[in-house]
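What follows is a single structure, written as structure tokens, with notes after it.
Both backbone and side-chain heavy atoms feed into the values below; hydrogens, waters and symmetry mates do not. Since the model is a prediction, treat every value here as computed from it, not as a measurement.
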Amino acid sequence: ASMGERFTVRIYNEHLGFDMPGLIIFELMDPPEGSDRWYIRFDERLSIQFIRDRSGTIVELRFYEPGYTHRMIKISI
């Protein structure tokens, strides 16, 4: 993830989608029972996780790919 790049989570094909600017919108599968990771449809090596503060507000998103974890802070809704 490039510093300063703006990523968006939105509804895509009636599911959550993770929009990587200039690349693709990844459709996310609902998390498996007992998990808080949303896996990318068609490539389950990639996933995202929403990090919440004590009040339950989402404050960060983590994008996981093999060997890397990218941390992205929430800047708007």
Side-chain angles (χ1 to χ4, degrees):
S2 301
M3 294 297 291
E5 196 68 50
R6 195 173 270 222
F7 296 87
T8 307
V9 176
R10 64 167 108 190
I11 301 296
Y12 178 75
N13 285 340
E14 299 182 17
H15 296 277
L16 282 184
F18 182 60
D19 187 352
M20 296 185 82
L23 292 176
I24 192 169
I25 299 173
F26 291 105
E27 187 176 336
L28 302 172
M29 299 184 297
D30 291 341
E33 180 124 3
S35 176
D36 61 353
R37 288 218 190 158
W38 297 72
Y39 289 88
I40 306 291
R41 187 174 302 281
F42 307 118
D43 191 344
E44 293 185 27
R45 297 173 301 152
L46 308 176
S47 65
I48 68 169
Q49 178 183 33
F50 298 102
I51 306 301
R52 298 176 183 271
D53 64 13
R54 289 182 185 177
S55 69
T57 301
I58 296 171
V59 294
E60 181 180 320
L61 179 145
R62 292 185 186 160
F63 177 74
Y64 299 94
E65 63 177 312
Y68 296 96
T69 300
H70 305 279
R71 297 177 65 204
M72 302 162 202
I73 59 169
K74 178 180 158 189
I75 59 170
S76 65
I77 293 181

Review point. Any chain of hydrophobic side-chain contacts (each under 4.5 Å) joining Trp38 to Val9?
Key: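 Yes, because Trp38 and Val9 connect within a single hydrophobic cluster, where side-chain heavy atoms sit under 4.5 Å apart.
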Check your understanding: Transitively linked via ILVMFWY side-chain contacts under 4.5 Å: Ile11 with Leu28?
Key ->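 Result: yes, single cluster for both.
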Check your understanding: Got a sec, which residues hit salt bridge (Lys or Arg N to Asp or Glu O under 4.0 Å) with Arg37, two or more places apart in sequence or on another chain?
Key ->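 Applying salt bridge (Lys or Arg N to Asp or Glu O under 4.0 Å) to Arg37 gives none.
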Exercise for review: Only counting residues at least two apart or in another chain, list the ones meeting salt bridge (Lys or Arg N to Asp or Glu O under 4.0 Å) with Arg52.
Suggested key: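 Testing Arg52 for salt bridge (Lys or Arg N to Asp or Glu O under 4.0 Å), a comparison that skips the adjacent residues, returns none.
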Can you give the donor-acceptor pairs under 3.5 Å from side chains of residues 43-51 to other protein atoms, not counting sequence neighbours?
unit_1: Asp43; atom_1: OD1; unit_2: Arg45; atom_2: N; d: 3.2
unit_1: Asp43; atom_1: OD1; unit_2: Arg45; atom_2: NE; d: 2.9
unit_1: Asp43; atom_1: OD2; unit_2: Arg45; atom_2: NH2; d: 2.9
unit_1: Gln49; atom_1: OE1; unit_2: Tyr64; atom_2: OH; d: 2.5
unit_1: Gln49; atom_1: NE2; unit_2: Asp36; atom_2: OD1; d: 3.2
unit_1: Gln49; atom_1: NE2; unit_2: Asp36; atom_2: OD2; d: 2.8

Practice item. Quick one: which residue pairs count as a salt bridge (charged side-chain N to carboxylate O under 4.0 Å, His left out) with a foot in residues 9-31, not counting sequence neighbours? Key: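 Checked against salt bridge (charged side-chain N to carboxylate O under 4.0 Å, His left out) - neighbours excluded - the pairs reaching residues 9-31 are Arg10-Asp19, Glu27-Arg41.
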Practice item. State the CZ-CD1 distance between Phe18 and Ile40, to the nearest 0.5 angstrom. Key: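 Rounded to the nearest 0.5 Å, the CZ-CD1 separation comes to 7.0 Å.
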Review point. Atom CE in Met72, atom CZ in Arg62: separation rounded to 0.5 Å?
Key: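 Answer for the CE-CZ pair, Met72 versus Arg62, is 11.5 Å.
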**Study point:** side-chain hydrogen bond (donor to acceptor under 3.5 Å, both in side chains) involving Ser55 - partner list, sequence neighbours excluded
**Key:**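 Counting only residues at least two positions away or on another chain, Ser55 forms a side-chain hydrogen bond (donor to acceptor under 3.5 Å, both in side chains) with Asp53, Thr57.
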Check your understanding: Which residues satisfy the ring-ring contact (aromatic ring centres under 6.0 Å, His included) test with Phe26, sequence neighbours excluded?
Key ->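 Per chain and number, Phe26 pairs via ring-ring contact (aromatic ring centres under 6.0 Å, His included) with no residue.
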